[in-house]
Amino acid sequence: MAVEEIDRGDTTTTPHPLTSLEREAERLRPVQVERPHAFYRQVLPGIVQAPADYVLALARKSSLWPMTFGLACCAIEMMSAYMSHHDLDRFGIVPWASPRQSDVMIVAGTVTKKMAPSVKLLYEQMPNPKWVIAMGSCATNGGPYTRYDRVVQGVDKLVPVDVYVPGCPPRPEALIDGLICLQDMIMRERRNIG
Amino acid sequence: MSQLGAFFDNVWVDAFWRLLVVLGLMVFVVLALTYVERKFIGRIQMRLGPMRTGPYGVFQPIADMMKILLKEDLRPASADRLAFELAPFLAFVPVFLTLLVLPFTARWSVRVLDLGLLYFLAVSGLTVLGYIVAGWASDSKYALIGAMRTAAQLISYEVPLVLAVLALSMLAGSLNLVAIVRDQGRVPFIIWQPLGFFLFMAAAVSDLTRRPFDVAAAESEVAGGPWIEYSGIRWSILYALTEYTNMFALCVLASLIFLGGWDWPLGLKWGWPWQLVLMFGKTMTLILVIMWINATFPRVRVDQLMSFCWKLLLPLAFAQIFLNGLVLVYHWPDWTFLVTSGVTLLVAGYVVYTRLPLGAPSRIVARSAV
Amino acid sequence: MTAPHEGPQEAPIVPPEPGTIADLFREALPDIEFVASQGPVDVMLTIDRKDVLQVLRTAKDDPQLDLKYLRCLLGVDHEEAGLEVVYQLYSFTHGHGVTLKTRLPQDDPRVASAASVWKGADWLERETAEMFGIVFEGHPNPVPLLLPDDMTDHHPLRKDNPLAQVEEWQGSRLGAAAANVGHVPAGYESIAGEGGEPEGPSGESGG
Amino acid sequence: MVTEQERKLETIDINVNVGPQHPATHGVFRMVLTVSGERVVDVVPHIGYMHRGAEKLSENVDYRQGLIYQDRTEYLAQFNAEMCYCMAVERLAGLEPPERAQYIRIILSELNRITSHYMFIGAFATDTGVYGTAFTYAFREREYIQEIFDALTGDRMMYGYFRPGGVVWDVPADFKERVRWVCGQTRVGIDDIDRLLTTNEIFITRCRDIGVISRPDAIDYGLSGPMLRACGLPFDLRRNDPYSIYDRFEFDIPTGTHGDVYDRYLVRMEEMRQSVRIVEQALEQMPDGPIMPEKAPRRLRLPPGEVYMRTENPRGEYGIYLVSKGGEKPYRLKIRSACLSNLTALKQMIVGHYVADAVVILGSVDIVLGEVDR
């Protein structure tokens, strides 16, 4: 079935000259993909799966609700992106106050060590599936403040980051681009997320 | 054929298919209102609203719904499990039950009750229980504060709501919704009861916890109120489904009892398609007005909310009942309803308006340049 | 990085012209020795640290001075020359301002708190204390203001605390933050203790 | 006499933790409110969640590079902060910026004051509960001005356009027309917001007579800017301690009468109008000429000395205390933050009010966490 033919690992490497049959079989065996929560795979077996995960990923990417999580200067540009000039609502992206109802955490600004436990806690409070966007150079690697020891050198030291948006601060267009990247990523990884 | 007709005449079968229709209508209404609200408020805020999900973003609510249903259903470790999981249904079921007595056209409703109006008010008052349980069970202080505010607010505003409806039912002489609508074939009751309509809508906006009365969910204060800890499907039941269904039900009720429902104008003459158009138009107008107020008004404070209810709405509601009683007892002509009610509304409005601090910019003393 | 300035030089002391605020101070407090210097904007007066509280009180209450407004309070680390506490004062009625300075030795950085004179000095002194390790005696609430409670082992703005080269400092320091992660964050225990209501992982308050 | 039943109904005050991530805290401010029902009986503010060492980092870069930390510290009024920093350096170095550069600086600083106050209005209206509409209105007007900044400096927020001694390059040819247009547009925009908020009864009742602070207390706490002027004290550094060329312009200093939240809002609204006046006058008077002094050194080496330079920022007195001991880098750079001093009065303002008022009062302080924590 077409669905099962997913990436076979690294096929571009030259095969070993002394390839035995077992090795060949091993090489051609499809990589097992972890599907932890894909409950619809039991509900909707067989051919229906491909459209089902497509549709669900489509729904997810069309309705990304970020948590309002402005930390520093980047928060102003994040607000600009929500406002009428750039209007993230066009993409179905509306800010939400509580982490319980959000899908994506836009870390907009410098994460300090005093703030770090709260960032982690908020990430843990968000329900799955969840994504993180590191907005700006401070959230990516500490930015201009990276040499100061109270500043965490990038939020990826605390939570897994999906998209990094460069800039200090990124323009709203860059943030929109980052969110579109995230949408593409959701579509690409639709088989992995239940 | 007669066999089929007899099958549908069975009370249970009849109730069942009507229920199914109402259920479908409710889901559709919730999805549509989500979309309408985002678009409408977007336009008020000089934005476009959803554009990318389908043409003009029409599939946005469907995407939202699918996403929410597939979200992880979190329950805080310290929450009271049973109460936490049941609270959304406790809030939602009463709202759904109110839809059962609403006559959407002259001949179509799930049930026509003689005490329909009373049933509606009694059942819709139960929603507050769900919010209180949700706020208490979440074991979060924001949720608790939000739930306490909801309890105080909904119970208080139930009083002027009921009294405004009571004043109106004095005119109609009935609590049967169909009878009330039939009474308005000539003149809708809003003409005779402007004060009552104002009271009803003010209390209804508060009942929906919408701005300016959204202290319960106040995003900048308690960040969502009772449903702050809810996620996924329970949140959508507690928040989206309950709120929009309640809004729809209250606006349908207001258009039935104040705006002439499916009867005025020419409803009975032109048949059910026109009645549906009438109902849709009136309900939608009221919903859009509520959304408009929601988009532009600041939020009142808790004590102001309470004093607005007990010091202003409640006396005015009693005044309306008293005036209606006067007119009815002394058999004055019908237009005196308009005069008494309208004059009271205007006087009350003027008094409130002048006692508020207007002409505010004069408080600034500008030092002129040297 | 340890010595970013080659050959630090002290600014020369330029005595202010007569008739400035320095004379008013000498008039109001004849017993106290002032070293006056004319800065680019304000007159700077250096006083001994034992006189600080008396001078500040007089500066606030004396009708000729009437320096009611504490603009700023800060510390400077002059390395071996000691720590310096600087008070910026301003008078609304007379429109004059002054910079008061006092030097503290490095091994005994203590000075009287101005929080009893100006309420606004409270936070400024807390910040100066945590950044330089200066002890303000008589401060009503001597706890760190900006730094987290678990990271007060050194004073960031002192010259003996240079900035890290990129990624050098972070590795060892991140441990403390990472250890807190997932548990009750630092500073939250105190709330949990007071109200008897622990902030569970559920609380939105966590964020 | 207390019955058994009444003793069982004993109430406790609960602590409500607002922040560091909360829609009302405008960043990562955190306050622990002790509430009795809906009344606040105590408040403990916690700051420092964004302390990222701008002062320390400035000591380790040279005078021109240090400018970027000013932008990022006062990230809503970047030009004002840059101006203060540049003037502090100029005072020590003995540089005098040319006339044209002074006018460009004034125009940009006043426009930046308008954008900062727009941001305040949007955030403050959201605190009082407006559903984003005032925010979008304010941001629309703000974007018009930001487009000018963007076209001039190449960035939307971190401009880095001023230099010790002048500005980095001259303004484009259409600068004057664009600024004139934006002045007119700003007048319209302020009137729009006036109609939406200022005379709204709910808005007035929410803001009136809360967070009152008396004039002696305001001075004692070291408040500055609109917070101080709302108490009735007409103190504005642009007038009382004129720096740059502010003594050449005619403008009013709005003051309040009650010292409450509504006065602070009105003072800020009026300040925006006065800023437009200043910008228009500056456009009239702006001469042609150089934008950097002829003898400006390529590498700045300052003589030893100390200076405290202050400017009137949208939030109050922004000060730079600069200690130089010779060399290319500052020996010590202290940023006097208006927000930090304004926040010290928070407890006095909030205690006794409702929880909802606490949010509004905090909004009226108009905090910028970058400036508070530095």
Side-chain angles (χ1 to χ4, degrees), chain A residues 67-87 89 94-99 102 105 107-119 121-123 125 136-138 142-152 167-175, chain D residues 17 19-28 30 46-58 60-61 65-66 68-69 71-76 78 115-116 119 122-123 126 132-133 135-144 146-147 150 155-158 160 368-371 373-374:
Chain A
M67 187 169 55
T68 53
F69 194 31
L71 289 168
C73 346
C74 292
I76 309 296
E77 290 296 73
M78 189 174 73
M79 284 179 218
S80 289
Y82 294 130
M83 292 302 150
S84 27
H85 269 240
H86 303 283
D87 192 16
D89 197 11
V94 281
W96 220 260
S98 170
S102 340
M105 182 160 94
V107 184
T110 320
V111 183
T112 58
K113 285 178 185 165
K114 195 171 181 179
M115 192 65 200
S118 300
V119 174
L121 185 66
L122 281 170
Y123 179 73
Q125 283 179 346
S137 52
C138 289
Y145 298 95
T146 191
R147 287 176 64 196
Y148 194 63
D149 72 311
R150 302 288 180 231
V151 175
V152 177
C168 187
R171 301 170 73 92
E173 295 91 333
L175 179 62
Chain D
N17 185 23
Q21 189 269 329
H22 187 278
T25 55
H26 300 206
V28 285
R30 171 171 165 232
H46 293 268
I47 60 174
Y49 289 92
M50 220 173 77
H51 173 62
R52 44 189 193 179
E55 294 174 4
K56 184 75 177 175
L57 288 157
S58 300
N60 285 270
V61 294
Q65 292 168 336
I68 68 152
Y69 292 110
D71 283 337
R72 283 157 183 78
T73 296
E74 169 64 297
Y75 55 75
L76 285 182
Q78 300 92 336
T115 60
S116 174
M119 183 73 210
T126 310
T133 306
F135 221 139
T136 45
Y137 271 52
F139 255 77
R140 179 184 65 164
E141 309 298 331
R142 194 174 176 273
E143 288 286 333
Y144 290 136
Q146 224 163 16
E147 276 165 13
D150 194 3
D155 203 309
R156 281 168 53 87
M157 274 183 77
M158 306 307 174
V368 169
L369 263 299
E371 200 193 338
D373 298 343
R374 298 182 299 279

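Please read these numbers as outputs of a predicted model, since none were measured by experiment. Only this structure's heavy atoms are used, side chains among them; waters, hydrogens and symmetry mates stay out.
- Neither the backbone nor the side chain of Gln65(D) comes within less than 4.5 Å of any heavy atom of chain A.
- A cation-pi geometry, defined here as NZ or CZ lying under 6.0 Å from the six-membered ring centre and within 45° of its normal, holds between Arg142(D) and Phe139(D).
- The two residues Thr115(D) and Leu76(D) make their nearest non-hydrogen contact at OG1-O, 4.1 Å.
- Only the side chain of Asp150(D) comes within contact range of chain A, with at least one heavy atom under 4.5 Å from a heavy atom of that chain.
- For the set Gly70(A), Ser80(A), Pro169(A), Ser84(A), the count of heavy-atom pairs under 4.5 angstrom toward chain D peaks at Ser80(A).
- If you measure heavy-atom distances from Met79(A) to chain D, the contacts under 4.5 Å come from both the backbone and the side chain.
- Among the candidates Lys56(D), Arg52(D), His51(D), the single residue satisfying the side chain to side chain donor-acceptor pair (under 3.5 Å) test with Tyr148(A) is His51(D).
- Here Glu143(D) is the residue among Gln146(D), Arg140(D), Met158(D), Glu143(D) with the most heavy-atom pairs under 4.5 Å with chain A.
- Although no hydrogens or angles enter the test, the distance criterion places a donor-acceptor pair under 3.5 Å between the side chain of Tyr69(D) and the main chain of Pro144(A).
- For chain D, the nearby parts of Ala72(A) are the backbone and the side chain; heavy atoms of each come within less than 4.5 Å.
- Between the side chain of Gln78(D) and the main chain of Met157(D), a donor-acceptor pair closer than 3.5 Å is present.
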